[in-house]
Structure formats: structure tokens, C-alpha cells
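Note that the structure is predicted; figures quoted are calculated from it, not measured. Sequence positions, counted from 1, serve as the residue numbers for this chain.
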Amino acid sequence: MNSPATASALTESAPVVSLRTPGSRVLLLAVSLLVLAGSVLAGSPGARAETPPPGLGGFSPGFLITDTRMFDSTSMDRAEVDRFLDTQGKNCADGTDGAACLKNLTANTPQRAATAYCAAIPAVSNATAGRIITDVARACEVNPQVILVMLQKEQGLITTRNATPTQLEKALGFRCPDFQACDPAFGGIVHQIYHGISRLQEYGDPARGYRYQAGKTYDIQYSPYEFCGYGEVKIFNRATAALYNYTPFTPTQATLDAGAGPVSDDVCATYGNRNFFRTFSMWFGSPTGTPGNRYPLAAPWGKNPAAPFTDVRYGELIFFTEIAWMKGTGLSNGWADGTYRPFAPMKRDAMAAFLYRAAGEPEFTAPAKSPFKDVSTSMVFYKEIAWAEHVGITDGWSDGTYRPFEPIKRDAMAAFMYRYAGEPAFTSPKRSPFVDVDSSVIFRKEIAWAESEGITTGWADGTYRPYQPILRDAMAAFIYRMTLD
């Protein structure tokens, strides 16, 4: 990471905690995706691992599987698939909610007419998962091993200990938007396998003109967030093009180095195509025929992410990722002139707005009479300030004011965060984590809590500087760390 542009950028570093809204409800944000990305935003993630993680030796981002292996529909028969599911799912128990492990699952499959990409399939009663998979594999001429790997990478269905209705409903993620129900016409494992695998054939067909095509070079995003940057990938063959059209992200170097696991605190890490290559290699041997110890293991060379605001440019701010994330999630839109003003003090009215948005903009009707005598009902952020008062995040001053246009100080910010998290049980340590936070600081407990949870690390000299205004760059870091695991 580049050095910060000013000393004010040195206020905080990287740990994170879960954000809980008042009442201790866990806030779910779309990226499951994902959290601190600064370490992987370096536009050129070309370092190679000293030892390839298991299953990832020989990984090449533009060559995920050969066409021969992708479309070998006879690699396993029905009995072999059922035995594989028994072995890999040996620890799985059917759910009390009626969701069956794949090794135990049976389902009626409908008759399907022939299409441009799949042959006709007859109706079958009480088909095992092995039958469902191999019938689709033969009809659509896709390797049943690929189907097994896709079921694992999308929902973990092959090795899960307890299948859930949601896993079965979204088995291949086809027409199932994040955090939403599947399109009813495509939900359920029978429809998911057929339509998802049929689409793999369609996605690879150059005549259909999907975004990624064999033989061409593309800037492929590392994650759904544009601010994470792009890796330059030359797609080698039709099968790899199909996989990128299905899962349109390429892994960062940190994602590859993590092997089977997630990258700690990284919103820019996506795992689909990494996990496809790794899982296939572990179960069935290299999908490309390369030896498992082949070097290098490297992510594609990348390009720097675009600036989310005119005054927030990559490489110039230590909190670029956090500010870009605020823009990407709609938590901050900046000013009308396209700026974010990272080194401006954070005002108390805007702070209430940030927290209200981070909470998911909960249903709330602002009262006709303001809870604070200096906050009129016509004020831009009146609703957000009234909400913050209503849920106990702020009670203002003893004189009945909120002082919306005053900068919020770092001690009060810790108090806001602590209350926002539901005032979790916490005992302050006997020794303060900061040299300038002693018993005279009214919010010392909240500051100690914020430090214990990794929301703040203070300055390198051991200070917290409780009475300094918090700047908008550091505010983005605080919100980011509280929101994302």
C-alpha cells in the first residue's frame, strides 16, 4: 500500500468487527461477500506463492479447464455419482426442516424437450441425485464431475453436514439474486441443475455473443465492487469462457494464496473460479492437465481501480478502500461536486445519516415534534437524527440540543458506535489501551471497547486523541470495520 498523503491518514489501521444494530440484530450486507481490501488493491497482484496451496498448483486464470474435460459427459455413470455423494456426504444428516442430503435425496423430474443445447430428457419418478445429475450431463453434454464441482462451489452441497432448503433451492445460483428468492420457474435442485448446466453450454457458444469469449483478453473485475480493480485475463478456450460468463470475477493473489479458505477482512476477494479449479483438482485431478506442483501460482496482472470521488484516488489515501466501499454500498454519496472531502471533520448530522444507512434504512416515521430544540423537522437529516435519538444512539446535550453542525469528536464517536452495537457486555481493562484515555475521559469504556473490537487502533504513539474531531476518512474506516467481518 502506498504511503498516506497526510498525517491525518495515520489514525487507524485494519481490524474489523461485526456490526450489530440497536437491539443486537446482525446487519447483513451484500457481500457476503467479503471486507478489508487495501492489501489486494495493488493493481498488479502478480506475486507467486512459494508453495501452491493444495489443489491450486498450475492455476492459470485464463485456462480453468480443458474443453475435453468440461464436455466429457461420460466421465461418471449414475452409480458412480451416487457412490461419490455417499462418500463425500458421509457426515451429512438430513435436516429436520425436510431438506435432504444429496446422498439421500430423491425427486421427480419433469419431461424436457430438446433444445439447441440439450437433448430431450424423459420424466423420472423418485430419481436419485446421481440420476438427476447424469441425465442432465448426458443431455447437455457436460461432465458430471463439473456438475458436482459446481454444486459444491455454489452452495457447498456435496460436503455439507446439514443440507438446508435454501441450499437446495439455490443449488447452482441460477436466477437466484443475492439475498433474494430464486425465480420460481428455476428454483429447486432439479430445475437448478438442468437450467444452470444448460446455460454453461450456452455461455460458451460464441454465436450467442456473451460477454467473455475464447481467444480474447479482458479486464475482469476482482469482485462486484468496481473499486477493487481489474485483472487482465486472456481466455484460452470455450469452457473457460463459459465459467467466466457464469461467475464473472477473477481471483486476486491474496485469494489464491489463501488456498481453500477466505481472505480475512477482504471485500475484494471472490472465490468462485478459484474454488472451481481447486475443488476439481482435489476430487478428480487437474482440470487442465498441469501438474499439482507447477509454478507460478499467480493472479492476473491488474489495473488500478477507478476513483469513487474526484478527491479520492487510488494510491493517494490510506483509506481508499473504505471510502470507495462507502460509495459502492450507498452509505455516502459525497457532495454534488463529486468530492468526498476525506480530511474534513465529520459533522454530527451526517454521522446520524451514515449510521441510519448502515442499519439498512430501517422503517421509521420521524415525530412531528423534534426531540432536539436545535434540529428542525425541515432539516435535511432530520429523520436520521430523530431515528438515532429514538433507538438510543444519541441523547444530545443536557440543554436539549443536538448541535448537528458541530464536528463529532473521537470520544463521542466511540460512544455512538458502542450504542449502535447494542451496548454489548464489556468490562473496561484496568489499564487503558491508550495513554491519553484515563479515568477523566467520560467515554473511556466505549473507547476501550472500540479498541478491543478492532474498530480503532489509535495512533502509533499510543494515543487515541479523544477530543479531536474525527475526519471523514477515518469515519469511513470506523463504519467499514463495524459493518464487515
From [X] atom [atom1] to [Y] atom [atom2], the distance as rounded to the nearest 0.5 Å:
X: His191; Y: Arg112; atom1: NE2; atom2: CZ; result: 5.5 Å
X: Asn245; Y: Asp205; atom1: CG; atom2: CG; result: 11.0 Å
X: Gln221; Y: Cys228; atom1: CD; atom2: SG; result: 8.5 Å
X: Trp387; Y: Thr365; atom1: CH2; atom2: OG1; result: 14.5 Å
X: Leu102; Y: Ile189; atom1: CG; atom2: CD1; result: 4.5 Å
X: Leu151; Y: Ile197; atom1: CG; atom2: CD1; result: 7.0 Å

Between [X] and [Y], is any pair of side-chain heavy atoms under 4.5 Å apart?
X: Asn162; Y: Asp94; value: no
X: Arg472; Y: Phe354; value: yes
X: Glu232; Y: Thr217; value: yes
X: Thr160; Y: Asn91; value: no
X: Lys234; Y: Lys216; value: no
X: Leu200; Y: Met70; value: yes
X: Met76; Y: Phe284; value: yes
X: Ile193; Y: Ile147; value: yes

What is the minimum heavy-atom distance between [X] and [Y], and which atoms define it?
X: Trp449; Y: Pro424; answer: NE1-CG, 3.4 Å
X: Pro165; Y: Ala99; answer: N-CB, 3.6 Å
X: Glu141; Y: Ser73; answer: CA-CB, 3.7 Å
X: Ser332; Y: Tyr340; answer: OG-CE1, 3.4 Å
X: Leu256; Y: Leu56; answer: O-CD1, 3.5 Å
X: Val81; Y: Pro144; answer: CG2-CB, 4.4 Å

Between the side chain of [X] and the main-chain N/O of [Y], is any donor-acceptor distance below 3.5 Å?
X: Glu451; Y: Thr457; answer: no
X: Thr339; Y: Trp335; answer: no
X: Thr115; Y: Cys118; answer: yes
X: Tyr480; Y: Met475; answer: no
X: Asn143; Y: Arg69; answer: yes
X: Gln167; Y: Gln155; answer: yes
X: Gln192; Y: Leu172; answer: yes

- Message: Please verify the inter-ring angle class for Phe227 with Phe320; under 30° counts as parallel, over 60° as perpendicular, anything in between as tilted.
- Response: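 Perpendicular.
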| query | Any idea how His195 and Phe174 line up, ring-wise: parallel (<30°), tilted (30 to 60°), or perpendicular (>60°)? | reply |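 Aromatic pair His195/Phe174 classed parallel.
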- Query: Taking only residues two or more places apart in sequence or in another chain, which ones pass ring pair (Phe, Tyr, Trp, His ring centres under 6.0 Å) with Tyr194?
  - Reply: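 Tyr194: no ring pair (Phe, Tyr, Trp, His ring centres under 6.0 Å) contacts found.
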Under 6.0 Å from the ring centre and within 45 degrees of the ring axis: does the NZ or CZ of [X] meet both conditions for the six-membered ring of [Y]?
X: Arg274; Y: Phe59; answer: no
X: Arg238; Y: Phe71; answer: yes
X: Lys153; Y: Tyr271; answer: no

[X]-[Y] side chain donor-acceptor pair, cut-off 3.5 Å:
X: Thr68; Y: Thr66; value: no
X: Thr240; Y: Asn237; value: yes
X: Thr247; Y: Asn273; value: no
X: Tyr244; Y: Thr250; value: yes
X: Thr164; Y: Thr166; value: no

Do NZ/NE/NH1/NH2 and the carboxylate oxygens of Arg341 and Asp311 come within less than 4.0 Å?
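Not counted as a salt bridge, because no side-chain N and carboxylate O are separated by less than 4.0 Å.
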* To do: Give the intermediate values and the outcome of side chain to side chain contact (heavy atoms under 4.5 Å, CB included) for residues Asp257 and Thr252.
  => CA-CA 9 Å; Asp257 291 344; Thr252 64; over 6 Å; no
- Query: What about the rings of Phe84 and Trp283, do their centers lie closer together than 6.0 Å?
  - Reply: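 Between Phe84 and Trp283, the centre distance is under 6.0 Å.
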Show every salt bridge (charged side-chain N to carboxylate O under 4.0 Å, His left out) that has at least one partner inside residues 184-199, sequence neighbours left out.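 Only Arg199-Glu202 qualify under salt bridge (charged side-chain N to carboxylate O under 4.0 Å, His left out).
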(request) Show the numbers, then the answer: is there a ring-ring contact (aromatic ring centres under 6.0 Å, His included) between Tyr218 and Tyr212? (result) CA-CA 8 Å; Tyr218 300 91; Tyr212 298 117; 5.0 Å; yes
